[in-house]
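Counting from 1, the numbers follow the sequence of the chain as shown.
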Amino acid sequence: MSSSPVRIVEPKKEKKDKSHWLYISVIVAVLAGVILGLVAPDVAVKFELLGKLFVALIKMMIAPVIFCTIVLGIGSVRAAASVGRAGAISLVYFIVMSTFALAIGLVVGNIVKPGSSLAMPEAGSGMSFVDNNKEAAHGLSGFVMSVIPDTLFSSLTSGSVLQALFIALLCGFAIQSMGKAGEPLLSAIAQVQKLVFKVLMMVLWTAPIGAFGAISWVVGSTGFDAVKQLVLLMLCFYVTCVIFIFGVLGLVLYAFTRFNIFKLVKYLAREYLLIFATSSSESALPTLIRKMEHVGVDKSTVGIVVPTGYSFNLDGTAIYLTMASIFISDAMHKPLNLGEQIGLLVFMMIASKGAAGVSGAGLATLAGGLQAHRAELLDGVGIIAGIDRFMSEARALTNFAGNSVATLVVGVWTHTVDRNRVNAVLSGEIPYVETPEDMESDVNLRNPSVKNPADKLQPTPQVDVDEYQRA
């Protein structure tokens, strides 16, 4: 008797996206933690274990997230660089702007110093991860030795983030050097990445429990000062993102193209709404491509810049990582010196490539960076988890704004944009007509159950080289 292939039974009814319940649950958990910490501080500090468990779950996901995103991210970069001038210009532009965003986050974080007046006690769980980085304390030679794993596969199980990053870089470049023969491996890793982010999403559903435990513990230990400092961090982050979009990106757009950032934001208003509802910039990827082509940018340029930006542009994520890292170090009274800040953020900039549009990936990258450089600060990740969901929209919106501006800037630099049409479209003279594909991802504000179109996409978009060559 022949054996039948293993199959997964599909549900009869299509599952609705319920991520809005996660958002609501986190809000309820944070408020409950604050109330418990203020009303019964002695009881609240006993919930510290819940925060520790959540941090441990996030730590579990660091190595696979970094490995998949780096390997596929290198593929995206190589693909972009191989399709001519537009790809090379896009890479340089995104590197410069992400570095600028890191610098802005550093400046604001060091000036405002959110968390510096918060006397957050040590939970002690972070110290259990320090042993993985002992070798780094013995000078440059010890640091280099600590990066090289015992075996190829032990890098994913040893708990050393730097080892996982090192092997991911080697594998990424090795697969690319294989040419067509490496495509099956790349496809397999892309499927693994989908699995990894699916598991990560399952882990994030425990965020309300972890946030409740961490917030209860810190408020019970420090009082209302903790609430004020967390609110200050969120306000600083949102204000910094707004300044970056309308100040920095607006200035860049006008300086190189003479287009208006406010008109561009108005033109993409529906996409901003969709991103706000789904907390993922990838939910607006298909529509952004169509609208950038409609506005007057050549199809070949759009096909290069937009996918490259989604895997390489980290403006909002860079600001978040810098400010969150400084907040945690200041709150735990273990401030990072300038050299440590730069080293940590360079690591985060590399490690998060390819996950810019994925909800929850920023928190995993933050934990990975802290574990690699200052493992004793890992305890603070639980506190950030309580407000991470409130900051994810601003990250996604800033990343999206950076991608839209980059498309126009690169289009002007490569002479692949119709300036007259851009001005006419942004002025409303040539309105964008919605397609049936656009309506599939519509946002109904009366029904909060928004289906995230990004679920159908590969977390790390790749440049379609064949499509580019046909264009």
Side-chain angles (χ1 to χ4, degrees), residues 72-98 100 245 248-261 263-268 271-272 281-282 284-315 353-354 356-357 398-427 430-433 435 437-438 457-458 460-471:
L72 293 173
I74 290 174
S76 179
V77 172
R78 287 289 298 272
S82 68
V83 292
R85 186 183 176 196
I89 291 176
S90 300
L91 292 178
V92 174
Y93 174 86
F94 288 130
I95 291 174
V96 172
M97 293 307 296
S98 294
F100 202 79
I245 293 173
V248 177
L249 292 178
L251 183 61
V252 169
L253 181 65
Y254 185 77
F256 293 107
T257 69
R258 290 296 187 265
F259 301 141
N260 190 296
I261 185 66
K263 290 183 178 180
L264 179 61
V265 170
K266 181 181 179 181
Y267 174 64
L268 298 172
E271 285 64 48
Y272 281 105
S281 57
E282 285 204 6
L285 172 60
T287 315
L288 176 62
I289 292 176
R290 289 190 286 269
K291 279 197 167 183
M292 285 295 100
E293 293 175 359
H294 173 76
V295 84
V297 183
D298 190 83
K299 183 177 182 179
S300 62
T301 300
V302 175
I304 296 170
V305 179
V306 174
T308 302
Y310 266 79
S311 59
F312 213 69
N313 174 45
L314 296 165
D315 297 339
K353 289 293 176 285
T398 306
N399 290 339
F400 179 79
N403 290 333
S404 60
V405 169
T407 306
L408 288 173
V409 172
V410 175
V412 169
W413 285 346
T414 56
H415 307 290
T416 55
V417 63
D418 185 341
R419 284 179 172 272
N420 293 330
R421 182 177 177 85
V422 173
N423 288 321
V425 171
L426 295 184
S427 298
I430 307 177
Y432 176 78
V433 179
T435 65
E437 289 81 5
D438 296 332
L457 302 174
Q458 177 182 317
T460 304
Q462 304 284 303
V463 174
D464 191 338
V465 179
D466 295 333
E467 180 65 24
Y468 169 79
Q469 292 173 343
R470 287 194 296 266

Chemist: Measuring from atom CG of D315 to atom CZ of F94, what distance do you get when rounded to the nearest 0.5 angstrom?
Modeler: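 Spacing of CG (D315) from CZ (F94) equals 8.0 Å.
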
Chemist: Does anything in residues 401-413 form a side-chain hydrogen bond (donor to acceptor under 3.5 Å, both in side chains)? List the pairs, not counting sequence neighbours.
Modeler: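 Only N313-N403 qualify under side-chain hydrogen bond (donor to acceptor under 3.5 Å, both in side chains).
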
Chemist: When rounded to the nearest 0.5 angstrom, what distance separates CD in E293 from CG in L288?
Modeler: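 If I round to the nearest 0.5 Å, the distance is 10.0 Å.
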
Chemist: Counting C-beta onward and ignoring hydrogens, is there a side-chain heavy-atom pair between V252 and M97 closer than 4.5 Å?
Modeler: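 Contact flag for V252/M97 side chains = yes.
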
Chemist: Could I get the full list of side-chain contact (heavy atoms from CB on, under 4.5 Å) partners for L251, not counting sequence neighbours?
Modeler: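 For L251, no residue satisfies side-chain contact (heavy atoms from CB on, under 4.5 Å) once neighbours in sequence are set aside.
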
Chemist: Can you name the residues that form a side chain to side chain donor-acceptor pair (under 3.5 Å) with T414, not counting sequence neighbours?
Modeler: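 Testing T414 for side chain to side chain donor-acceptor pair (under 3.5 Å), a comparison that skips the adjacent residues, returns T416.
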
Chemist: Does the H294 side chain pair with the main chain of V425, one donor and one acceptor, at a distance under 3.5 Å?
Modeler: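 Flag not set: sc H294 to bb V425 has no pair under 3.5 Å.
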
Chemist: Partners of K263 by side-chain contact (heavy atoms from CB on, under 4.5 Å), sequence neighbours excluded?
Modeler: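 side-chain contact (heavy atoms from CB on, under 4.5 Å) list for K263, sorted by chain: N260, L426, S427.
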
Chemist: With heavy-atom distances below 4.5 Å as the criterion, would you say the side chains of L268 and F400 are in contact?
Modeler: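 Yes, side chains in contact.
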
Chemist: Contact between F100 and V248 at the side-chain level, heavy atoms closer than 4.5 Å - yes or no?
Modeler: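 Side-chain contact under 4.5 Å: yes.
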
Chemist: Of V412, L408, V410, which is the lone residue that meets side-chain contact (heavy atoms from CB on, under 4.5 Å) with T301?
Modeler: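 Of V412, L408, V410, side-chain contact (heavy atoms from CB on, under 4.5 Å) with T301 is met by V410 alone.
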
Chemist: Considering residues at least two apart in sequence or located in another chain, which fulfil the ring pair (Phe, Tyr, Trp, His ring centres under 6.0 Å) criterion with Y267?
Modeler: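 Listed in chain order: nothing, the list is empty.
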
Chemist: List in chain and number order the residues that pass side chain to side chain donor-acceptor pair (under 3.5 Å) with R419, two or more places apart in sequence or in another chain; answer none if no residue qualifies.
Modeler: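 Checked R419 against side chain to side chain donor-acceptor pair (under 3.5 Å); zero matches.
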
Chemist: Take V302 and K299 through the side chain to side chain contact (heavy atoms under 4.5 Å, CB included) test and state the conclusion after the steps.
Modeler: CA-CA 5 Å; V302 175; K299 183 177 182 179; 5.7 Å; no

Chemist: Locate the shortest heavy-atom distance separating L249 from V405; write the atom from each residue and the value.
Modeler: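 Result for this residue pair: O-CG1, 4.0 Å.
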
Chemist: Starting at NZ of K266, measure out to OH of Y272 and round the result to the nearest 0.5 Å.
Modeler: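 So the NZ of K266 and the OH of Y272 are separated by 14.5 Å.
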
